[in-house]
Amino acid sequence: MSDVTRLSVFKTYKLYVGGKFPRSESGRVYEVTDSKGNWLANAPRSSRKDARDAVAAARKAFGGWSGATAYNRGQVLYRVAEMLEGRKEQFVREVAEAEGLSRAKAAAVVDAAIDRWVWYAGWTDKIAQVVGGANPVAGPYFNLSSPEPTGVVAVLAPQDSSFLGLVSVLAPVIATGNTAVVVASAKAPLPALSLGEVLATSDVPGGVVNILSGATAELGAPLAAHQDVNAIDLAGADAELAKELEIAAADNLKRVRRPQPVDYAATPGTDRLTAFLETKTVWHPTGALGASGSSY
């Protein structure tokens, strides 16, 4: 071996759309730096065309994913946790650099994000029992309510919680059978882009999750106005941008989850699971009533 200094191989970060890893169709990138301003990587700066492509991929995947059994979706989410466990060191480094955390604190954040996948994996086949059920009615009818996924959900990921916050807003969307178009934290997109690599090898069908990086406002606008997006989570939008996007979302009556203070380290409830569910109610006659008042 010659005594030559080896140059390390720099990682090329790409988008995750439709199960593939394209660069932005615009060819644009932007510099991502750590908390001290040191260069980390060039991330793709997604365009409106990328956003439309991601919506098309999410819509194509919706039928298969929403039609899968809740138990199967839980298995897939648990598999994501398994794969993250095996790549924990990479995510600890990326989260530490992105958020200016010590290695120990970053490891705790990554552990919490992995556990969050397990948490939502366990809810996939239970949430219907919590929010659905038989309703008492005045008549000889069964009246049954059951939750169904809303459809394609645009998710603006939190800006300051690049990984745990991201997982906390994404996992409940797909746990309930929706498909997602995620706009990663603009200032710290690398953990999100790396998550795409994990999802691609975690049995998550292509198109169920699509991850874009770039300017939140630039991508949020076309997603909020898109006629084939059924709902939008504005977690990563500031107050001014959230107001603009909520107005745009009203055009096709999208469900909108407004930004609000959240402690992503706290154990989540079911509110994000139910935020993007629709309730279907079915009536069915119980049968003719006999003379004694009993049905048969």
Side-chain angles (χ1 to χ4, degrees), residues 6 8-23 32-35 38-44 54 61 65 72-122 124 155 157-175 180-213 264-265 268:
R6 179 180 179 275
S8 58
V9 178
F10 286 109
K11 181 178 176 64
T12 301
Y13 287 89
K14 298 180 182 179
L15 309 177
Y16 182 54
V17 177
K20 299 179 181 179
F21 296 93
R23 293 178 171 86
V32 178
T33 59
D34 63 16
S35 59
N38 299 311
W39 181 86
L40 293 175
N42 289 336
W65 184 244
N72 179 242
R73 287 198 298 269
Q75 290 178 306
V76 172
L77 265 66
Y78 188 84
R79 178 63 174 165
V80 176
E82 286 182 352
M83 298 299 290
L84 281 172
E85 193 78 31
R87 294 179 61 167
K88 186 185 297 185
E89 291 301 314
Q90 172 193 350
F91 282 92
V92 169
R93 185 188 73 252
E94 289 183 339
V95 170
E97 292 172 341
E99 301 181 22
L101 301 176
S102 66
R103 192 185 184 285
K105 289 183 178 180
V109 168
V110 173
D111 285 343
I114 295 172
D115 293 346
R116 193 61 44 86
W117 281 108
V118 177
W119 164 272
Y120 282 114
T124 57
V155 179
Q159 298 297 330
D160 296 322
S161 186
S162 64
F163 192 51
L164 177 56
L166 167 74
V167 172
S168 297
V169 297
L170 169 61
V173 169
I174 65 172
V181 176
V182 181
V183 179
S185 165
K187 65 180 181 180
L190 303 188
L193 297 177
S194 290
L195 178 63
E197 298 173 2
V198 171
L199 297 174
T201 54
S202 300
D203 302 330
V204 179
V208 170
V209 178
N210 305 274
I211 301 176
L212 307 174
S213 59
Y264 290 110

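Index from 1, following the sequence.
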Undergrad: Taking atom CZ as the centre, does F21 end up with more than 12 heavy-atom neighbours from other residues, nucleotides or ligands that are less than 6.0 angstrom away?
TA: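 Atom CZ in F21 is packed in, count exceeds 12.
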Undergrad: Quick one: pull up CG in L195 and CG in L190 and give me the separation to the nearest 0.5 Å.
TA: 12.5 Å
Undergrad: Is it the case that more than 12 heavy atoms not belonging to K11 sit under 6.0 Å from its NZ atom?
TA: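 For K11, atom NZ is crowded (more than 12 foreign heavy atoms under 6.0 Å).
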Undergrad: Please check if atom CZ in R23 has more than 12 non-hydrogen atoms from other residues, nucleotides or ligands closer than 6.0 Å.
TA: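 Atom CZ in R23 is not crowded, with 12 or fewer foreign heavy atoms closer than 6.0 Å.
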Undergrad: State, yes or no, whether a side-chain contact exists between F91 and V198 at a heavy-atom distance under 4.5 Å.
TA: yes
Undergrad: With N210 as reference, evaluate V183, L199, V17 under the side-chain contact (heavy atoms from CB on, under 4.5 Å) test and give the passing residue.
TA: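 Between N210 and the candidates, side-chain contact (heavy atoms from CB on, under 4.5 Å) is satisfied uniquely by V17.
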Undergrad: Any pair with a residue in residues 95-106 that passes side chain to side chain donor-acceptor pair (under 3.5 Å), sequence neighbours left out, goes on the list, sorted by first then second residue, please.
TA: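 As it turns out, the side chain to side chain donor-acceptor pair (under 3.5 Å) pairs with a partner in residues 95-106, which skip direct neighbours, are E89-R103, E99-S162.
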Undergrad: Tell me whether R116 contacts the main-chain N or O of Y264 through its side chain, where contact means a donor paired with an acceptor under 3.5 Å.
TA: yes
Undergrad: Only counting residues at least two apart or in another chain, list the ones meeting salt bridge (Lys or Arg N to Asp or Glu O under 4.0 Å) with K187.
TA: D160
Undergrad: Could you grab the distance from atom CD1 of I174 to atom CH2 of W65, nearest 0.5 Å is fine?
TA: 5.5 Å
Undergrad: What's the separation between atom CD1 in I114 and atom NZ in K88, rounded to the nearest 0.5 Å?
TA: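 Output value for this atom pair is 5.0 Å.
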Undergrad: Less than 4.5 Å apart, side chain to side chain, heavy atoms only: is that true for V155 and L166?
TA: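 No - every pair of side-chain heavy atoms lies 4.5 Å or more apart.
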Undergrad: Taking the side chain as everything from C-beta on, heavy atoms only, tell me whether S194 gets closer than 4.5 Å to F163.
TA: no
